[in-house]
Amino acid sequence: MFSYSKLSNKYKAIVIGGSAGSFQPITQILSGLPESFPLPIFLCLHRLKHVRNGFVEALSIKSVKPVLEPHDKESIKRGNVYLAPANYHMSVELGNSISLSTEEMVNNSRPSIDITLESAAFSYKDKLIGILLSGANKDGALGMKRIKERGGLTLVQDPEECTIKTMPQAALESTEIDMSLSTKDIVKFLVELDRLYKVKHEKI
Amino acid sequence: MFSSGKNMYDIEISDLRKLIQLVKDKYDYDFKDYAMSSFKRRIKRIIELYKFDSVDALVEKLTHTPSFFEEFVSEVTVNVTEMFRDPSFWVVVRDEIIPNILSSHNKISIWHAGCSSGEEVFSMQILLEEMGIRDKSHTVATDIDTAIINRAKNASISQKNMELNTSNYERYQGKYVLDKYFSKNKDRYHFNQDILSNVSFRKHDLVKGQVFSKFDIVLCRNVMIYFNQTLQNSVLKTLHESLFKYGFLCIGSKESLIWCDISNKFSVINNEEKIYKKSRD
Ligand SMILES: C[S@@+](CC[C@H](N)C(=O)[O-])C[C@H]1O[C@@H](n2cnc3c(N)ncnc32)[C@H](O)[C@@H]1O
């Protein structure tokens with residue numbers, strides 16, 4: 001259920017995980033973002049390991065904000081969307097940069113959503129929003145738990161709306177997720193969030 | 001608080017500092033400037049693998065059991081590798097870089113820094129063999145991890161990993177079939193040792209930064225991603241010093257020289273494949 005009470009301008013970053021069936025909702029989200037959206041977004045989507053090109057371009061076409069595949073130790077800029085590159089895990093590093101790694105696959109995946117979510121939770125603590133979309137495995141469930149443990153906000157795509165609901169379902173089973181929303185409401189949430197930051201700026 | 005069981009706990013930075021200090025004092029290896037995010041996961045993995053109940057227990061073990069240290073180094077480093085990783089990179093090495101070097105030299109010297117279990121080295125030797133110039137080459141392959149160097153020397157690959165190697169080799173459009181370079185024994189593939197006759201494997205720690213020779217090509221791919229920027233900068237200085245002027249540096253496809261102190265001493269040869277040339281001493 002959509003709840004305005006969860007909105008706050010304390011957040012510093014957003015992290016989104018998705019797998020099978022997540023391309024449609026993620027493009028809907030990226031195309032619905034307001035141009036002024038102030039937070040960095042980390043995107044970890046399961047993808048073909050050996051196809052380096054094409055994916056970031058496909059997302060960029062739809063996205064209001066710039067989507068990029070970061071290099072190792074690239075510094076994090078507000079309003080950018082960072083997509084985990086093929087065959088690398090992507091972590092948020094302390095000190096506002098991104099680390100890549102070729103560690104073993106996690107949940108049969110590289111990039112693994114758990115890794116991105118956990119590292120982001122560690123860096124941003126309660127100032128993080130985690131969003132988990134459609135998918136056919138359980139990657140991300142543990143990461144969502146970490147976000148919750150550190151006081152962050154957790155959202156999943158409503159399993160009823162998902163092409164494959166295993167992934168958000170797994171998160172709902174292991175963690176008390178704050179909100180289960182349709183993609184439309186996720187977008188609405190982000191738009192409302194953006195508004196709060198504007199209010200803050202006007203007051204200063 | 002720690003509770004046992006997989007993934008039940010999280011490690012804090014202060015725990016890691018203690019561990020790093022002990023390893024430095026007792027074993028003279030310095031992990032202080034490793035990238036925190038992956039280093040932390042490695043420690044967590046070791047704790048789970050060996051069923052320690054805390055970082056303190058691991059510190060305790062390392063304090064009293066020097067024989068455990070080699071295993072520790074093995075587990076703390078990430079050894080995941082593939083033959084012909086990024087096939088398009090190897091195409092550029094074959095079609096542009098090697099011919100470029102041979103146009104002015106008749107010998108070619110190569111250093112693989114952080115060679116892991118050798119897949120990158122085997123790939124290069126196959127490339128040279130198929131170009132008919134392997135006898136003009138000399139290669140040094142190094143890693144910090146003694147156990148992994150021994151595996152590289154052994155040159156045996158599991159069936160499971162061969163599938164990926166084979167499909168990479170096909171994308172690279174090698175001359176033959178990859179199997180040609182291996183003999184099969186049960187589910188292991190043994191790389192033909194003759195093709196390694198111009199390679200020497202050695203232990204070398206990039207953190208200590210010792211320069212031991214000069215090379216025409218240095219490959220240091222997917223190694224510096226495990227370091228923070230401070231250490232990346234100092235390792236790049238070592239790599240720079242280890243190259244002849246106009247020699248080539250190859251780094252991983254998602255690494256970049258843009259942010260490093262000495263990026264102005266290199267020029268970009270191929271940005272997509274991350275190949276640079278030492279343009280200034
Ligand atoms: C992911 S592997 C890279 C293998 C290969 N170059 C590739 O791209 O597939 C990273 C290697 O760097 C080695 N390494 C880590 N720290 C090192 C250090 N301080 N000195 C030398 N090698 C190191 C690890 O032991 C590991 O084998």
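Please read these numbers as outputs of a predicted model, since none were measured by experiment. Just so you know, these numbers use all the heavy atoms, side chains as well, and skip hydrogens, waters and symmetry mates.
A donor-acceptor contact under 3.5 angstrom links the side chains of B:Asn228 and B:Asp33, judged on distance only. With 3.5 Å as the limit, one finds a donor-acceptor pair spanning the side chains of A:Glu103 and A:Ser101. When only modelled atom types and interatomic distance are considered, A:Thr102 and B:Tyr226 share a side-chain donor-acceptor pair under 3.5 Å. Under the 3.5 Å distance criterion, with hydrogens and angles disregarded, a donor-acceptor pair is assigned to the side chains of A:Asp194 and A:Ser36. Residues A:Asp139 and A:His46 bring a donor and an acceptor atom of their side chains to less than 3.5 Å of each other. Side-chain atoms of B:Glu119 and B:Ser117 form a donor-acceptor pair, as typed in the model, at a separation below 3.5 Å. B:Thr142 and B:Trp111 are linked by a side-chain donor-acceptor pair at a separation below 3.5 angstrom, with hydrogens and angles left out of the test. In this structure, a donor-acceptor pair under 3.5 Å is absent between the side chains of A:Thr163 and A:Gln24. Under 3.5 Å, the side chains of A:Glu93 and B:Ser37 contain a donor-acceptor pair of N or O atoms.
Between B:Tyr34 and B:Phe227, the ring center distance clears the sub-6.0 Å criterion.
Close approach to chain B, defined as a heavy atom under 4.5 Å from one of its heavy atoms, is seen in A:Arg110, A:Ile115 of residues 110-117 of chain A, taken by number.
The parts of B:Ser253 that come within reach of chain A are both its backbone and its side chain, each placing non-hydrogen atoms under 4.5 angstrom from that chain. For B:Ile258, no part lies under 4.5 angstrom from a heavy atom of chain A. For a residue to count as touching a neighbouring chain, one of its non-hydrogen atoms must lie under 4.5 Å from one of that chain's; by this rule B:Asn168 touches chain A with the side chain only. Only the side chain of A:Leu94 has a heavy atom closer than 4.5 Å to any heavy atom of chain B. For B:Gln232, the part sitting under 4.5 Å from any heavy atom of chain A is the side chain, from C-beta outward, and nothing else. Residue contact with chain A, scored on non-hydrogen atoms closer than 4.5 Å, involves the side chain of B:Val78 exclusively.
Ranking B:Ile225, B:Thr81, B:Val80 against chain A, the residue ahead of the rest is B:Ile225, based on heavy-atom pairs under 4.5 Å. Taking A:Pro85, A:Ser75, A:Ser97 one by one and counting their heavy-atom pairs under 4.5 Å with chain B, the maximum is reached by A:Pro85. Ranked by non-hydrogen atom pairs under 4.5 Å with chain A, the options B:Ala35, B:Ser256, B:Ser38 are led by B:Ala35. With chain A as the partner, the residue from B:Arg41, B:Met36, B:Glu255 showing the most heavy-atom pairs under 4.5 Å is B:Arg41.
For CZ of B:Arg151, the number of neighbouring non-hydrogen atoms (other residues, nucleotides, ligands) closer than 6.0 Å is 12 at most.
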